[in-house]
Amino acid sequence: MSQNDLVLDVRDLSVSFRTGRGKVRALRHVDITVPKNKIVGIVGESGCGKSTLINSVLRLLAPNAIIEPGSQVDFLGDDVIKMSNSQLTDLRGQRISMVFQDPMTALNPVISVGTQMTDILYRLKIPMAEKRKRAADMLAQVGIPDAQRRLEDFPHQFSGGMRQRICIAMALMMNPALLIADEPTTALDVTLEAQIIHLMKELREKFECSMLFVSHNLGLIAELCDEVIVMYAGEVVEQGEVHDLFHRAAHPYTRMLLECDPARIAEARQELPTITGSVPDMIDLPPGCIFAPRCPRRYEPCDASPPEPYAVSDQHSARCFLVRDGR
Amino acid sequence: MTTAIEATEAGAPIRREPRFSWLWQLLRDPLGCFGLILVLLIVFAALGADVLSPYDYKALDIKARLASPSVEHLLGTDNLGRDTFSRILHGGRIALYVALVSVGSSLVLGLFLGMLAGYGPRWLDNALMLLFDAVRAFPVIMFALAVITVVGPSLETIIFVVVVTTVPGYARITRSATLSLKNTEFILAERSLGAGTIRVMASHLLPNLIAPLLILASMDIPVVITIEAGLSFLGLGVKPPTPSWGSILNDGYSFIRNTPWLVIAGGIPLIITTLGFTFLGEAMRDVFDPKLKKDR
């Protein structure tokens with residue numbers, strides 16, 4: 001794949017947090033790419049660094065975060081890590097924008113929706129009436145009926161699903177090249193989830209933007225995304241084309257994650273399958289593979305040194321010695 | 001009825017309210033309505049003092065000193081035979097002037113400093129908080145007495161003292177609200193959509209902060225009026241012959257054995273103003289906070 005087809009190219013990104021107990025190494029040597037017009041999904045347990053990853057792309061990290069030297073976040077040819085504050089303001093909302101998990105808290109409760117939406121267009125020197133017209137158009141596009149009038153309304157006058165639609169509309173106001181969605185359906189119920197996913201697919205066609213989609217929900221990822229990235233404890237353990245990855249999961253972690261998906265359990269049983277153990281301490285890391293302590297197929301090389309990404313197929317790789325050794 | 005009823009996606013009817021709906025909402029609240037009437041009464045009396053006063057507030061009438069209320073002197077006269085009603089009207093001007101100017105400036109100043117402390121860097125926050133705590137450690141009256149002794153009594157001195165002593169209150173409320181707001185998801189969302197620091201502060205924090213501050217301000221107006229009255233009562237406020245409710249009370253206090261009317265006449269406008277602004281403030285909070293709107 002040529003360099004020009006990539007919207008986002010994250011190389012060797014490492015992020016740590018200074019804490020009282022020491023340096024928490026939240027992300028280690030993460031490489032991900034988002035090609036043009038593709039939807040890339042990120043899955044993983046809570047605390048595996050998904051949010052840290054997307055917040056580093058927008059440089060919205062907590063003040064105690066350190067982006068380690070050597071990290072590169074290349075967005076359409078510009079390195080986000082090296083950007084000044086004014087360049088970042090220019091980047092956010094205009095070229096990359098974000099949809100948050102909980103639509104109940106992602107809108108300012110005391111400002112009308114129309115004002116919040118037109119506020120995003122502050123960069124454009126066009127009359128207010130024009131801005132309001134654009135905001136109304138955008139609301140109509142995400143399926144809010146009677147958009148023109150509802151601009152006057154406040155967030156609490158909308159339902160959860162409608163609020164998430166508004167958040168998506170706000171994110172698309174400046175027609176960004178990349179839309180990041182941080183578990184946009186986790187706070188919604190299943191029917192709304194389906195609607196929002198359908199909407200996002202539709203909007204991708206219409207606005208021709210790429211998406212980075214974070215979720216716990218494997219079914220959702222399989223349905224929506226073109227490529228998947230599986231993260232574990234701050235590392236990318238497996239990535240690849242969505243069907244290839246789901247059908248030929250190579251990393252034991254991915255396999256176990258798939259087994260744990262309640263939708264995949266065939267026979268009825270009392271206990272849900274789980275992955276035993278918990279995510280390792282990210283201050284004091286094991287010398288070998290990060291997943292080794294929980295891995296059922298652990299063998300000699302696992303404890304010696306960390307694995308590199310090994311190719312499973314053309315567009316599919318996993319950080320596991322099993323793949324290298326063909327076991 | 002101009003309000004249209006229509007169905008939303010969820011099926012719940014939404015009533016569209018006409019413009020100035022907040023005013024109607026204020027009037028629908030009995031206490032708000034009452035407060036508004038009292039405040040309008042005071043403002044009207046103060047603004048129209050020149051026209052409404054039956055006498056010049058400086059004119060002496062020694063023959064009629066300490067008169068009880070009568071047709072000629074609606075609220076009687078003071079120890080120099082000056083018409084109390086005229087003096088109350090002009091005193092209202094002083095009271096409102098001091099209150100509005102000082103509360104207005106401390107509101108603006110406190111809002112600015114509080115947002116700076118809450119949203120700015122940690123060292124600035126610590127420095128400002130230290131300053132505010134130091135200022136708050138002074139009892140208001142003591143501080144006022146000290147300043148007045150040095151600079152001399154005047155209206156400007158009172159305003160200065162009130163602003164200095166009330167700014168920390170506004171700043172603290174603003175700061176704590178800012179601290180809790182700055183980590184909310186919607187502020188993060190605004191930042192992710194490209195809002196810079198100034199934009200976040202001006203268009204997203206400010207509207208969230210105004211409601212509690214307006215209530216504090218409306219409660220502070222009567223407090224400031226009583227501070228002015230108190231200082232004038234002690235003879236440290238406005239200089240005679242300029243009338244003030246405090247100095248009228250002071251005069252009345254000296255002659256309370258001769259006539260109770262001066263104390264009564266000086267006290268009632270204080271009560272009306274205090275009640276009026278307090279009720280109005282309470283009602284305004286309910287109206288301006290969109291989360292509290294019941295029937296929308």
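Here is the naming used below: chain letters follow the sequence lines, and residue numbers restart at 1 for every chain. Predicted, not measured: the structure shown is a model, and the values here were computed from it.
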So which bits of residues 178-203 of chain B come within less than 4.5 Å of chain A, counting non-hydrogen atoms only? B:E185, B:F186, B:L188, B:A189, B:E190, B:R191, B:S192, B:L193, B:G194, B:A195, B:G196, B:R199, B:S203
If one checks every heavy atom of A:M170 against chain B at 4.5 Å, the contacting part turns out to be both
Where at least one partner belongs to residues 275-284 of chain B, residue pairs that pass side chain to side chain donor-acceptor pair (under 3.5 Å), sequence neighbours excluded: B:E282-B:R285
For A:K125, check salt bridge (Lys or Arg N to Asp or Glu O under 4.0 Å) against everything at least two apart and list the hits. none
A:Y122, OH atom: more than 12 neighbouring heavy atoms under 6.0 Å: yes
Residues, nucleotides or ligands: over 12 heavy atoms within 6.0 Å of B:F143 CZ: yes
Quick one: what part of A:N85 sits under 4.5 Å from any heavy atom of chain B, side chain, backbone, both or neither? neither
Option in A:T115, A:T89, A:D119 with maximal non-hydrogen atom pairs under 4.5 Å from chain B: A:D119
Between A:I144, A:I120, A:L91, A:L107, who has the most heavy-atom pairs with chain B when the cutoff is under 4.5 Å? A:L107
Segment of A:R59 engaging chain B (4.5 angstrom heavy-atom cut-off): neither
More than 12 heavy atoms of other residues, nucleotides or ligands under 6.0 Å from CZ of B:F138: yes or no? no
Close side-chain approach of B:N208 to A:P109, heavy-atom, < 4.5 Å: yes
So which of A:T105, A:N55, A:N108, A:I180 has the biggest tally of heavy-atom pairs under 4.5 Å with chain B? A:N108
Side-chain atoms of residues 123-133 of chain B: list all donor-acceptor pairs with protein atoms under 3.5 Å, sequence neighbours left out, distances to 0.1 Å.
{"residue": "B:D125", "atom": "OD1", "partner": "B:R175", "partner atom": "NE", "Å": "2.6"}
{"residue": "B:D125", "atom": "OD2", "partner": "B:R175", "partner atom": "NE", "Å": "3.4"}
{"residue": "B:D125", "atom": "OD2", "partner": "B:R175", "partner atom": "NH2", "Å": "3.2"}
{"residue": "B:D133", "atom": "OD1", "partner": "B:R172", "partner atom": "NH2", "Å": "2.4"}
{"residue": "B:D133", "atom": "OD2", "partner": "B:R172", "partner atom": "NH2", "Å": "3.3"}

